[in-house]
Each structure stands twice: as structure tokens, then as C-alpha cells.
Amino acid sequence: MKITRTFFAISALASALAFAAPIDDIGALSVKGNQVVGANGQPAQLRGMSFFWNIAEEARDYWNANVVNWLAEDWHANLVRAAMAVEDNWGEGQKGYAYNQSGNQAMVEKVVDAAIAKGIYVIIDWHSHWTNDRSAKENGKDRWQLAQEFFTAMATKYGQYPNVIYEIYNEPGTDDWSQIKPYAEYIIPIIRAIDPDNLILVGTPKYSGDLTPVVSSPLSSNYSSNVAYVFHFYASEEWHLTNYLPAAKSAMNTLPLFISECGLTPASGNGTINYSMVNTFWDWLDQTKLSWAAWSIVNKDETSAALQKSASASGNWSESDLRESGKWLREKLRSVNPEWTPISGGTPTNPDNPSTPDNPSNPSTPDAPAAIAELHSATGFHFAGNTISVNLKGHSKVDLLDLQGRSVSTLWNGSANGNVALSVNAKPGLYLVRIQGAGIHETHKVAVK
Ligand code: MG
């Protein structure tokens, strides 16, 4: 047991030195002006796939770590979206969160845990069309209260992971922004009381198609910190091309946008794909660097479905397991996203028992072997009293990572010439400090007290 643990500690450190996963490259997301940016302040473009409604028979088996890993490794997705049903949408015996809170939440957690372990981003999506109308109860329950319970649990469990994005309301089925805004003003402070910084996505009128009403009445500064507005499009829908796209182009002059759902098909999710219109939309995404997640991972008999019935619930799909949308999206993602590289020595996740990621406040990974602490330091690295002392030259970056190489925070990103003291403000536990600069690439393990 001891030997195995030591091996993993070494392999995690070696990988942190050699490779970068998307979370390590891009880091914590924030909103600056009208843009979603990464830890380095540059526009962060996340691109990947949305899971289908978790309760649907043709979708639910894909909600697992193997599929997340396959999407990251083979499709080069750096983003997945867990679209959790709230209502009773499918009538197939499995119902949404209003009927079974723990069961639906457990499905979400399986996907989120896998994405964190893999080093990619994940959207926790409250997949509802009717949450704005508080008087209309579901299963006798108040949807706002349900959303409060769900996002309280999610922020408590995942708020410290930069991988996690909250989508508080997928597609409001109302044209009226003034009916959506109060819900956003209700739920955002609940999340912020627990998690002050992770990105929050706010759904917009007409199933997140029409941004015009939001432009004239955006959320006030009390609510808008690290908040982006949702724009959804279905590329083969004429109305989306001629009306929603121009409105989105205009809105993005002032509002940060995030495409948490988009498809190649007409808005119904089915019908003929028009590739000329598809290219118009995706060229726009490439130019604007907006993030997107495509609909969807499901083997349903409709054109927006990525998978054939033959597609295994353990991933490892061949070309013949993909439907038309799936083939196009996989090619697209592989052409625009860099190849995924391991952060934990390429150790495969056990599909039956995906490991829950280390919590920095309660690290379970044992001490790394002495050899790590003896790494030669060209920067005179010293750590005491939760303060790092280090000699930096020119432009340098110092990152705090967890023991699996995932970014926790950036401690320094700028120019320096000489000794710099950096205080580490993190929950007690073991971390890695990575120093990068001209000719410098060091990683040191520290115990924050
Ligand atoms: Mg946070």
C-alpha cells in the first residue's frame, strides 16, 4: 500500500511538471468587462459537449466517468455540461430533481467529479423551462426553494474547484426578462454566500435566444460579479440566424456571453442540418472566442443526437457509433482544441468507482517522498509561515496547485527582478507551488497551515 501511494505521488508531480490539462492551462474563470477570461486575463474559450436530460432513457447511462474521459481524450472536449432535469419531462419512470433530489444530484456529482479528476470544465445546469414562475409548483414544491437547496449543495461541495460553472436556469420559457431577473437576483446571492467567485451563467428570454431585453436592463453590480449571460442557438433554424444572432452580436458589445447549448439542427433538435448556416454560426464562435457546449450526448433518434444506439456507455466509440451531429462535432472539437494531456500520469479512472478528487481542505494524498523536497531550486525557493520567498527574473508565473496538478490559484503573474514574498491564502493542506519563467520550471510541495 505504501509503495503504491508513493508511486502515485511521484507520478502526479512528474506530470505536473511535464503536462498541462485545460484547467491548468486556463485556470479560474472570471468576467472582465464583456469577456469571460482565464487566470492569465486572456479570453477563455471552452468548447465541448452537453449531456442530454439526465432522466431520459436514451441518455442516463452515459452520465459516467468513462464517457467524460472519452470526451476529453478522444473528442478533445475541455468542457462538459450536466443537464439535470427539474420537472417530470419524460414520463419514463425517472423524474427530475423535484421528485428525487438525491438521485438526480448523485448523477450530476458523478459527471462533475469525473470532470474535476480529468482537469476539464463542467457546467452544473438547472435544466428547466419554468423556474421563473414561482407560483407554479412542481410536485407541490417551490422551484426557487428547490434551486436554493441544489445550488447550496453544489457550491458547498464544489465551490473551491475552478472547473465548476453554475448555470442557474437553462432556458426560460418566457419572453419577459423582468420575470427571469428576480430569480437570478434570488439565487445568485445564495451561491455567492458560499462560493464568492466561480462563473455563474444566467438564462435569458425566449429559451435563451433573445438577449435584447437584457441589454437595457442587465443585473446590477450587486449580482453581476463573474456572471455571464446565456445565448443558445440551433444553427439550422432560420429565425435564429436572422433574429437571434444579430441580437447576440449587438448584445456582446456590453454583455459577457456564454453558449452553454447549441446545435447543428433546427430548434426542435430534429430535422435537416443546413451546413451553410452551421458554418456561419461556428465561424462566429471561432472569431469571437465565445465558449460553447453542443447538444447532445444521447442515442435518441433525432439529428441533434451525437450517438447511435450502438454507442457504449463506457465510451471508446468508433466512427460508426456516431450520428451525423456527433461526427461533425468531434471533428470540430479535435480541430480547435488541443489534445488532452494527462495530469495524473495517465492513470485511468476506474469506471465503477471514480475517485472523488482530493479536497484541498482535507487532503488524503500521503506525503510525497523525500526526493521531491530535495529538487534543486534555481529560485532559492523557501516556504515558511504560509509565505513563499522566491527570486524571480523577468516575467514569471507562480501557481498554487493541488496534489493532482489542478490549479487552485495564481499567486504571481507579472514581472519581477529579485526576491518576492507571496503569501499563500488557502485552506490548510498539502499543495504544489509551480514557478514558471524564462528558463525556470520548478515545482515544490508545501504544507499550508
Ligand atoms: Mg470558488
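For ligands, and for the atoms within them, numbers begin at 1 and follow the listed sequence.
- A salt bridge does not link Arg334 to Glu339: none of the charged side-chain nitrogens sits closer than 4.0 Å to a carboxylate oxygen.
- Geometry note: the Mg ion (ligand 1) is the vertex, Gly159 O and Asn198 OD1 are the arms, and the angle is 90° (rounded to 10 degrees).
- Inspection of the Arg192 and Asn198 side chains reveals no N or O donor paired with an N or O acceptor under 3.5 Å.
- Salt bridge Glu73/Lys118: present, at least one basic N to carboxylate O contact under 4.0 Å.
- When you scan the N, O or S atoms of Asp195 for the one nearest the Mg ion (ligand 1), you land on OD1.
- Within Asp197, the N/O/S atom positioned nearest the Mg ion (ligand 1) carries the name OD1.
- In Asp283, the CG atom is crowded: over 12 heavy atoms of neighbouring residues, nucleotides or ligands sit closer than 6.0 Å.
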